[in-house]
Amino acid sequence: MTKLVDIVLIGSGIISTSLAILINILEPNWIIHMYEKLPDIACESTNVWHNSGTGHAGYCELNYTPKLSNNEVNILNALKINKLFNTSIKFWSFLAKEKILDYNKVIYNIPHISFVVGDNNVNFLYKRFNKLIKYKPFNNMQYSSKFSKLNKWIPLIMDGRDKSQKVAATMIEHGTDINFSEITRQILTFLRKKNNFHLYLKHTVINIFNRNYYWDIYIKNNDFNYTYIVPTKYIFIGCGGATLLLLQKANIINKSDYAGFPISSQFLINKNNSIVKQHWAKVYGSVINNYIPISVPHMDARIINGKKFLLFGPFAILSTKFLKYGSYFDWFKSIKINNIKLILHAGINNIHLVKYLLHQSLMSKSSKINLLKYYYPKVNPDDWNLIKAGQRVQIIKNTVNSYNKLIFGNEIIHSSDYSLTAILGASPGASTSVSLALKLLKIMFKNNNYYQNNWKDKLKLILL
Ligand SMILES: Cc1cc2nc3c(=O)[nH]c(=O)nc-3n(C[C@H](O)[C@H](O)[C@H](O)COP(=O)(O)OP(=O)(O)OC[C@H]3O[C@@H](n4cnc5c(N)ncnc54)[C@H](O)[C@@H]3O)c2cc1C
């Protein structure tokens, strides 16, 4: 038999990579294999052009602070995400100290702004501000409804705006723009220098079998079109949208309990440098549709490979692919006799979401520009192009309380002995990747007390 690998990580996105570096720090002698089906690393959601690069810290995303039926604002999710994001920042700072990460080339300081229009939205934003400002990470948040002030914060958004409009914004200066694919690349560059870390590109994991005390991974070498088997003690499935397919194939989940709902996305990108120069903030607007995080449009300044860009979106598009470079048959492959009922129930019970997605999918470029006009009144359509962004697969779960719960966050799945873990769902994955990886470690190694006995104290020092 081939030598037993300590852990196999499937996929080379930011989640698998965070797990890989943590394991290497904690157990430097363990043999780690990472298998990636594409010719390069981090080409799916983690790719810099496929996500918005927002360091989600709860500062500007209005979908994290929903309005309750009594008109109060629930800020618990914003506080939680802030804490999770802070763990990522602490870990990335540690990697920078260890010269693994060039922090200043992957994380940029940029104001995070929430901008709203209309009486109800302004009242909501003011309530949200008054609640959040009492908490330390939000102490420096500023609020204004004055045109003169907002002109300074967001000149493009205020230029040409009707002065009779009721508008307001909050601003936190220490928000971040993050190049998640560069973080992934730098960490993997470091790991690839180690003798016991092996990254295999153009290798697709096609199946997984439980052999009681270990797992057999079936891997296809895409160049030479042959399949081989690698035995391993632990596995993490970090295949982004395609995770569901592998879990179904490997019989890890009950097929009637889960189904997937793919949504792809597009951004508008500005190609006029004189306009790009005038905007330096991530500006999140009101939630258009309470159902999905991608229904919060935002106008983002970004730094990509040292150059400034301006993007607006994302726009949701109905799709049947589970990955951007996936197959149009992905969704159909995930439909089984056991989960058809689940999908139909979810569709009927979330008809607003289906309608919203259909509407977004059918929007022409000029309708998308019209939506942008709401944020940027003087928009010149000729300055903007549409680009394709990443793919998400929302998870439909059969729960005891509700037959068809749609999950917009992520859910960790594990085998009964905890030696296999996987993540279904996405948002706000990349910003909270370190906390997610830490949680995975706790779950995976629950049975042998590695975490409690050997790693806990070491991690405390790293995450000080
Ligand atoms: C439009 C959009 C905007 C977003 N904006 C933000 C944001 O602003 N901030 C934020 O924090 N997060 C954001 N996200 C979410 C974030 O991008 C993802 O949560 C994160 O990148 C997921 O990383 P991952 O490692 O799980 O998956 P991925 O990056 O998708 O990686 C999965 C990898 O697995 C590989 N793979 C799949 N199947 C196999 C197989 N069978 N064998 C081998 N390899 C396989 C794929 O090729 C891929 O490389 C956004 C996502 C989208 C789509």
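Both backbone and side-chain heavy atoms feed into the values below; hydrogens, waters and symmetry mates do not. Order of listing sets the numbers, starting from 1, for every ligand and every atom in it.
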Quick one: are I41 and T46 in side-chain contact, heavy atoms under 4.5 Å? no

Under the side chain to side chain contact (heavy atoms under 4.5 Å, CB included) rule, collect the residues that match up with N51, sequence neighbours excluded. F180, R302

Would you please name every residue forming a side chain to side chain contact (heavy atoms under 4.5 Å, CB included) with K277, sequence neighbours left out? none

Going through the distances and angles, do K308 and D177 end up as a salt bridge (charged side-chain N to carboxylate O under 4.0 Å, His left out)? CA-CA 11 Å; K308 241 181 113 176; D177 175 53; over 6 Å; no

Does even one non-hydrogen atom of A42 get within less than 4.0 Å of ligand 1? no

Mark up the atoms of ligand 1 that fall under 4.0 Å of a heavy atom belonging to [X], in ascending order.
X    : value
L323 : 37 (C)
G390 : 53 (C)
I10  : 42 (N), 43 (C)

With ring centroids as reference points, do F309 and W49 lie under 6.0 angstrom apart? yes

Of the listed options I41, V205, N47, closest to atom 42 (N) of ligand 1 (non-hydrogen atoms): V205

Can you figure out which of I263, T46, L245 has its heavy atom closest to atom 20 (C) of ligand 1? T46

Below 30° counts as parallel, above 60° as perpendicular, anything between as tilted: where do the rings of W455 and Y450 land? parallel

Under 3.5 Å, N or O to N or O, is S52 touching ligand 1 that way? yes

Could an N or O of ligand 1 be found under 3.5 Å from any N or O of H50, whether backbone or side chain? no

